[in-house]
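Shown next, in structure tokens, is the structure this report addresses.
Any value given below was found using the heavy atoms of this structure, including those in side chains, with hydrogens, waters and symmetry copies removed.
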Amino acid sequence: NRLLVTRCLILALLVVAALAGLEAPASARRVSDAAMLYFASDNLAPTDATSPSWAWDDISVSGTALTAISCDDCISPAVPLGFTFTFYGAAYTQIYAASNGFITLLAGSGAPYPGVAIPTATVPNAYVAPYWTDLIVGAIPVRYQTLGAAPDRRFVITYDQWGCYAVAGSLRTFQVVFFETTNMIEVRYQTNPSCSTRMATAGIENTAGTDGIAWSVGAGIVIADLTVVRYSADRDGDGIPDLTDLCPDDPVAAHQDPAV
């Protein structure tokens with residue numbers, strides 16, 4: 001079949017390159033959950049055609065202030081996304097943001113700290129953690145806004161100059177973006193200084209707390225400024241889910257399995 005032929009051609013090209021003493025081009029770092037349902041890619045070197053590009057949605061004026069989490073260890077009420085978002089096979093229309101740096105799609109999690117290993121069955125679950133640790137409330141409230149038009153809307157939530165508890169000089173600014181239709185998530189770190197030795201978690205976890213991606217987890221993790229991390233069920237970012245993508249590492253949308 002066509003898939004087998006394609007794989008054979010790729011293998012043949014690799015063999016020819018090896019015989020010619022050529023090296024394969026560097027590829028970006030990509031990690032997945034255990035079930036290989038979700039993948040993470042970033043803009044850290046080395047990069048390739050599948051790497052996300054840095055972007056920032058400035059909602060500092062236009063966004064709605066989420067004052068419900070301008071308090072210590074707080075979780076917000078339901079915040080509408082403005083569209084339906086699919087995560088690990090379930091559909092959601094709202095999120096719950098925690099003052100301690102994670103966003104869950106499920107109610108009733110509270111805002112525990114510090115971050116934990118991924119996966120962990122205890123709540124929160126069904127979350128994305130840009131920087132889950134013991135954060136202190138910033139002078140600027142968290143803001144959110146839905147941008148764009150259907151079917152390409154995106155929901156943006158920004159933490160602006162929030163620091164780590166009892167760590168001087170740790171003010172950080174980051175945002176999380178949920179994309180309609182593609183169901184991708186981007187975490188964008190504008191500034192992200194060290195939180196000293198505090199435990200922190202950056203990644204995603206499924207609804208049951210049995211799988212996920214630990215992009216960076218540990219004590220004193222450091223994430224470079226202007227880093228963007230993309231979480232997607234479509235590893236090459238071409239808008240075609242891997243289950244129907246003939247070339248899941250090739251960011252060309254036309255390279256997909258035919259309809260059956």
Side-chain angles (χ1 to χ4, degrees), residues 40-45 52-77 79 95-104 109-118 124 127-147 154-178 185-205 213-231:
S41 61
D42 55 53
N43 65 339
L44 301 177
S53 299
W54 172 254
W56 185 261
D57 285 308
D58 185 355
I59 59 170
S60 58
V61 176
S62 58
T64 300
L66 189 55
T67 55
I69 60 171
S70 292
C71 47
D72 193 32
D73 307 332
C74 295
I75 189 81
S76 75
V79 177
I95 59 96
Y96 304 82
S99 63
N100 284 325
F102 67 84
I103 297 162
T104 176
S109 73
Y113 68 88
V116 298
I118 296 175
Y127 69 75
V128 52
Y131 202 91
W132 176 16
T133 190
D134 188 7
L135 294 180
I136 56 173
V137 177
I140 303 172
V142 169
R143 291 185 178 273
Y144 67 90
Q145 186 174 356
T146 301
L147 302 172
R154 61 194 185 278
F155 174 86
V156 182
I157 181 166
T158 301
Y159 291 66
D160 192 350
Q161 299 183 49
W162 284 45
C164 298
Y165 178 75
V167 180
S170 64
L171 296 181
R172 64 200 59 251
T173 297
F174 54 80
Q175 66 182 198
V176 180
V177 185
F178 296 81
I185 300 170
E186 283 190 357
V187 180
R188 302 164 176 173
Y189 300 91
Q190 189 178 73
T191 56
N192 199 73
S194 171
C195 263
S196 186
T197 59
R198 291 192 174 275
M199 175 70 181
T201 298
I204 63 171
E205 187 179 84
I213 298 176
W215 185 79
S216 188
V217 177
I221 64 172
V222 176
I223 301 173
D225 294 352
L226 306 184
T227 293
V228 55
V229 184
R230 176 186 292 154
Y231 300 98

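Atom OH of Y189 is surrounded by more than 12 heavy atoms from other residues, nucleotides or ligands within 6.0 Å.
In summary, of the residues considered (I95, I103, I157, V156), a side chain to side chain contact (heavy atoms under 4.5 Å, CB included) with Y144 occurs for I157 alone.
Contact annotation: the side chain of P114 never approaches that of W132 to less than 4.5 Å [non-hydrogen atoms, C-beta and beyond]. Taking 4.5 Å as the limit, some side-chain heavy atom of P124 sits within range of a side-chain heavy atom of P112. The side-chain heavy atoms of Y231 and V187, taken from C-beta on, include a pair separated by under 4.5 Å. Two residues are said to be in side-chain contact when any heavy atoms from C-beta on lie closer than 4.5 Å; V177 and Q175 meet this criterion. Side-chain contact between L171 and T191: absent, with no pair of heavy atoms (C-beta onward) separated by less than 4.5 Å.
For T146 (side chain) and F155 (main-chain N/O), no donor-acceptor pair under 3.5 Å exists by modelled atom type. Distance alone, capped at 3.5 Å, is enough to place a donor-acceptor pair between the N43 side chain and the L226 backbone. With hydrogens and angles ignored, the 3.5 Å screen pairs a side-chain donor or acceptor of S170 with a backbone N or O of C164. Judged purely by atom type and a 3.5 angstrom limit, R188 has no side-chain atom pairing as donor or acceptor with the backbone of T173. Side-chain N or O atoms of D42 include none that pairs as donor or acceptor with a backbone N or O of V228 at under 3.5 Å. With hydrogens and angles disregarded, a donor-acceptor distance shorter than 3.5 Å links the side chain of S76 to the backbone of A97. Although no hydrogens or angles enter the test, the distance criterion places a donor-acceptor pair under 3.5 Å between the side chain of T133 and the main chain of M199.
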Y165 vs Y113, side-chain contact (heavy atoms from CB on, under 4.5 Å): CA-CA, chis, key distance, verdict: CA-CA 11 Å; Y165 178 75; Y113 68 88; over 6 Å; no

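Side chains of N192 and D225: no donor on one and acceptor on the other come within 3.5 Å.
Counting all heavy atoms, side chain and backbone alike, T201 lies closest to A129 at O-CB, 3.5 Å. The two residues I75 and S109 make their nearest non-hydrogen contact at CD1-OG, 3.9 Å. For the pair C74 and A68, the tightest heavy-atom approach, listed with the atom from each and the gap, is CB-O, 3.9 Å. Looking at every heavy atom in both residues, R143 comes nearest to S60 through NE-O, 3.3 Å. Pairing each heavy atom of P130 with each of F174, the nearest pair is CG-CE1, 3.4 Å. The shortest heavy-atom contact between A40 and V229 is CB-CG1, 4.4 Å.
Taken from CH2 in W215 to CD1 in I221, the straight-line distance is 7.5 Å, to the nearest 0.5 Å. Taking OH of Y159 as the reference point, atom CG of L66 lies at 7.5 Å (rounded to 0.5 Å). The distance from atom OG of S194 to atom CZ of R172, rounded to the nearest 0.5 Å, is 7.5 Å. Separating the CG atom in D134 from the CG atom in D73 is a distance of 6.0 Å, to the nearest 0.5 Å. Remark: E186 CD to W56 CH2 distance equals 11.5 Å, nearest 0.5 Å. Atom CD of Q190 and atom OG1 of T158 lie 8.5 Å apart (nearest 0.5 Å).
Taking the six-membered ring where the residue is Trp, the centroids of Y131 and W162 are separated by 6.0 Å or more.
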